[in-house]
Amino acid sequence: MRIPPTDSPRPTVSADPTPPADQSDQAAVRFAKLQQIEALGVDPWGQRFDGHTPVAAVRELPCETFDSGTTGPTVRIAGRVVGKRDKGKIFFLDVWDQTGKIQVMLGAKQIGDLGWKLLNLTDLGDLIGIEGEFGKTKLGEPTVRAATFTYLTKSLEPHPTNYYGLADEETRLRKRYLDLIYTSDTLRRAHQRVKILRTIRNHLDSQGFLEVETPVLQAVASGAAARPFDTHHNALDIPLVLRIALELPLKRLLVGGIEKVYEIGRVFRNEGISHKHNPEFTMLELYSAYGDLFSIMDLTENLLVACVDAIGPSSFVERTEKYKNDKGEEQERTIRTPSFEVLGPRTIPWGDKQVNFTPPFQRAKYGDLFCQHVGCDMQDRAAVKAKASEFKVPDKLHDEKTKTSVEKEHDVLVNDLFSEVVEPHLVGPVFVYDYPAAICPLTKRKPSEPHIAERFELYVHGMELANAYTELNDPITQEATFRKQLAGQSEEDSMAKLDDDFIRALRHGMPPAGGLGIGIDRLVMLLTNTPTIRDVILFPLLRPEGK
RNA sequence: GAGUCGGUAGCUCAGCUGGUAGAGCAGCAGACUUUUAAUCUGCGGGUCCUGGGUUCGAUCCCCAGCCGACUCACCA
């Protein structure tokens, strides 16, 4: 951060000095203007400003051209100066608030002596309040013709002024406040994210689900396979971890009689960062007593369709078009069309692809897809091994620390092959169900086929959007799967972290139930056509800036 | 973790074979009461990411590091 020059003493308020500022240092120039505003007896940091109307709402008001003889409505607006056109004794400012942008016209005679002085001390990025008549200029531009000018806050740092806005990815992430102002998609995504979350909550609440909050600080990182963040409680002097999943506490609530329960919460995984991974992210998990994976499948489908319907109207397809400007020069512009109009109802763009969420979604058995794409029965151990080497999927797990290799368990190898060979073909949305049991330690087995777990995942363009089970409620089997370390999985990769209290809870009787997990960030990415998780999270984790 | 690319003025970028850097916008001074990516005249502004090395001389070449992006690996 740039600090105002401390060696130049602040002038006393009485004088009307022009503090010597290095005119090449924009921050110093702005600080000098700040002092001049103070010298005029005006608070450069502003005060309460009541009764202002959002810019978008002002633009909706009926209005006439200013010299038509009729007087337009008087409005008050507050916002940031993002454009300045100085015409001598008249200024045009573009004022931006989170709803939009509007032109303000300020004449020397109209806003008075003090107002005119303040206007001349106004920079791009300052916050101002305007009261005036709303109408149109000769050229038809909706405009507020200022009667009063109120200083609301000085910006001591210069703002990005390039027409094309912020381009540097790092600046966009580190200075998200600027990104929100100068990259319109950032604000749009923030709104769409909330809309999705609200839709999910409304949908579940209306079906009798109870939203709860469970502890972030836990003694055991359970419910998923991931390395946790370690922390420590001082007063109790015990190690704690930040949760990596929501599952086990919510299932305890099933035991406690909350038949339909969900949580939307932050989980933390101490792993790599990529365009699909942030160390903290938001999960939805829900549990519904007396259901199973197929009841959850229906629920998931309805839930997603509700989200798509909520988001669809603000989803756009972009294309560039060439046109000739006033001077006859050929230029390009981007045209945005509502995607529902172009692609059809419930179809949204995803990069150069699209996704059609019209129900019913496709449903396919894991084993059938495996057979179709890999080319052998997933139960056939010898054939799977042969296919693994054909597709160059290693059948051993190498442990770097002990320098040893272990043969992967059959189901682990099957799953690796599925990820490698089948997933890329899953355009979706498609429910893949009936998973190999060994990789699903929290899932109920099919009574008729104990090697199959009653689990589904929802895939869209190779991305896993949802994961659901018929929940395992048999404490004896659950304890056994927890204790069994899968060959071919490292301990860190394993979900098999024993939680004695959870087993005890199951022993008191958890109803048969269906459960669902959805990564909210990935869902928002997909529905808002955002290729990176960093842009659906306002403040993604970045390495601290080195000094 | 590996590879590739990038980091130059407040912002967006250019900079050829190595000779200490330019543009537009922004800023400063001036003109203009209907402009709208305003226009016109003039001016100022750089730790060329950091540290080493090679060289008479490095923004440029070499090495190391920092930060970011992308691809891959990892990943419920």
Side-chain angles (χ1 to χ4, degrees), chain A residues 2 18 21-30 32-33 65-67 82-94 101-111 116 123-125 135-143 145 155-175 178 182 223-227 244-245 247 267 269-279 281 283 285 325 331 400 415 419 435 439-443 455 457 463-469 489-490 492-495 517-519 522 531-532 534 542-547:
Chain A
R2 206 183 295 259
T18 311
D22 177 359
Q23 54 142 306
S24 64
D25 183 343
Q26 298 196 37
V29 167
R30 282 164 182 260
K33 289 179 182 170
T65 307
F66 284 124
D67 47 16
V82 295
K84 190 165 89 170
R85 291 175 294 283
D86 166 4
K87 274 281 296 170
K89 291 287 182 291
I90 186 169
F91 273 56
F92 293 91
L93 301 181
D94 294 326
K101 212 193 293 188
I102 196 164
Q103 174 169 274
V104 175
M105 179 164 63
L106 306 101
K109 282 188 183 144
Q110 288 76 19
I111 61 169
W116 187 248
D123 288 305
L124 296 178
K136 277 184 187 160
T137 60
K138 270 183 202 163
L139 296 175
E141 178 73 18
T143 299
R145 191 160 61 176
S155 168
L156 286 176
E157 293 289 331
H159 284 229
T161 55
N162 188 274
Y163 176 65
Y164 303 98
L166 272 175
D168 183 56
E169 195 67 21
E170 193 173 348
T171 309
R172 286 191 52 227
L173 300 175
R174 291 198 192 278
K175 301 184 179 171
L178 294 181
Y182 298 102
R227 200 184 308 180
I244 57 173
E247 182 147 356
V267 297
R269 298 188 182 177
N270 205 341
E271 291 170 349
I273 298 175
S274 79
H275 67 106
K276 275 157 82 180
H277 301 262
N278 195 59
F281 60 101
M283 288 272 297
E285 288 198 27
N325 66 7
Q331 292 190 314
E400 282 298 323
N415 197 46
S419 304
Y435 273 64
I439 59 166
C440 313
L442 294 158
T443 311
R455 168 184 182 179
E457 289 199 1
M463 193 152 74
E464 307 158 24
L465 213 55
N467 183 20
Y469 319 139
Q489 281 190 333
S490 67
E492 267 164 7
D493 290 342
S494 173
M495 276 191 273
I518 291 181
R522 300 246 178 113
T532 149
R534 284 183 295 267
L542 295 180
R543 206 179 279 272
E545 275 178 291
K547 267 282 167 260

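Predicted model only: the values in this text are computed from it and were never measured. Chain naming here is simple, since letters A, B, ... match the order of the sequence lines and numbering starts at 1 in each.
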Counting only side-chain heavy atoms from C-beta out, which of [options] sits nearest to [X]?
X        : options             : answer
A:Arg534 : B:A69, B:U34, B:G27 : B:A69
A:Leu173 : B:A69, B:A76, B:A38 : B:A69
A:Leu166 : B:G68, B:C11, B:C32 : B:C11
A:Lys138 : B:C70, B:U34, B:C67 : B:U34
A:Leu124 : B:C67, B:A69, B:A26 : B:A26
A:Tyr469 : B:C28, B:A76, B:A69 : B:A76
A:Thr161 : B:A76, B:C25, B:C67 : B:C25
A:Glu271 : B:C75, B:C28, B:A26 : B:C75
A:Gln110 : B:U33, B:U71, B:C25 : B:U33
A:Lys89  : B:A76, B:A69, B:U33 : B:U33

Next on the checklist: One thing to verify: whether A:Glu457 and A:Arg455 come together as a salt bridge, which I'm taking to mean a side-chain N less than 4.0 angstrom from a carboxylate O.
Outcome noted: yes
Checklist entry - Can a salt bridge be assigned to the pair A:Asp94 and A:Arg85 using a cut-off of 4.0 Å between side-chain N and carboxylate O? => result yes
Who does [N] pair with, Watson-Crick or G-U, both distances under 3.5 Å?
N     : result
B:A29 : B:U41
B:U35 : none
B:G24 : B:C11
B:A64 : B:U50
B:G3  : B:C70

Next on the checklist: Regarding A:Lys276, tell me which of base, sugar-phosphate or nothing describes its non-hydrogen contacts under 4.0 Å with the strands shown.
Outcome noted: nothing
Checklist entry - A:Arg172 near the nucleic acid: base, sugar-phosphate alone, or nothing, with a heavy-atom cut-off under 4.0 Å? => result nothing
Distance check needed: [N] [atom2] versus [X] [atom1], whole Å only.
X        : N     : atom1 : atom2 : value
A:Arg30  : B:G27 : CZ    : C1'   : 9 Å
A:Tyr182 : B:A26 : OH    : C1'   : 11 Å
A:Ile90  : B:A38 : CD1   : C1'   : 13 Å

Under 4.0 Å between a side-chain N or O of [X] and OP1 or OP2 of [N]?
X        : N     : value
A:Lys87  : B:U34 : yes
A:Arg85  : B:U36 : no
A:Arg543 : B:G68 : yes

Checklist outcome for this item: With syn defined as a glycosidic angle within 90 degrees of 0 and anti as anything else, the base of B:U17 is anti
Within the side chain of [X], is there an N or O that forms a donor-acceptor pair under 3.5 Å with the backbone of [Y]?
X        : Y        : answer
A:Arg172 : A:Leu166 : no
A:Ser274 : A:Lys276 : yes
A:Glu285 : A:Glu247 : yes
A:Thr171 : A:Ala167 : no
A:Thr65  : A:Asp67  : no

Is it the case that the base of [N] and the side chain of [X] share a donor-acceptor contact (distance under 3.5 Å, atom types as modelled)?
X        : N     : result
A:Gln103 : B:U35 : yes
A:Asp168 : B:C11 : no
A:Thr137 : B:U35 : yes

Checklist entry - Is the cationic atom of A:Arg269 (NZ for Lys, CZ for Arg) positioned less than 6.0 Å from the six-membered ring centroid of A:Phe281 and within 45 degrees of its normal? => result no
Next on the checklist: Just to verify, what does A:Glu141 make a salt bridge (Lys or Arg N to Asp or Glu O under 4.0 Å) with, not counting sequence neighbours?
Outcome noted: none
Checklist outcome for this item: Of A:Glu247 and A:Thr532, the one whose nearest nucleotide on RNA chain B sits closer to the 5' end is A:Thr532
Checklist entry - Considering heavy-atom distances to RNA chain B, does A:Lys84 or A:Asn467 have its closest nucleotide positioned more toward the 5' end? => result A:Lys84
Checklist entry - Taking protein heavy atoms under 4.0 Å as touching, what does nucleotides 41-47 of chain B look like 5' to 3' if B marks base contact, S marks sugar-phosphate-only contact and - marks none? => result ---BS--
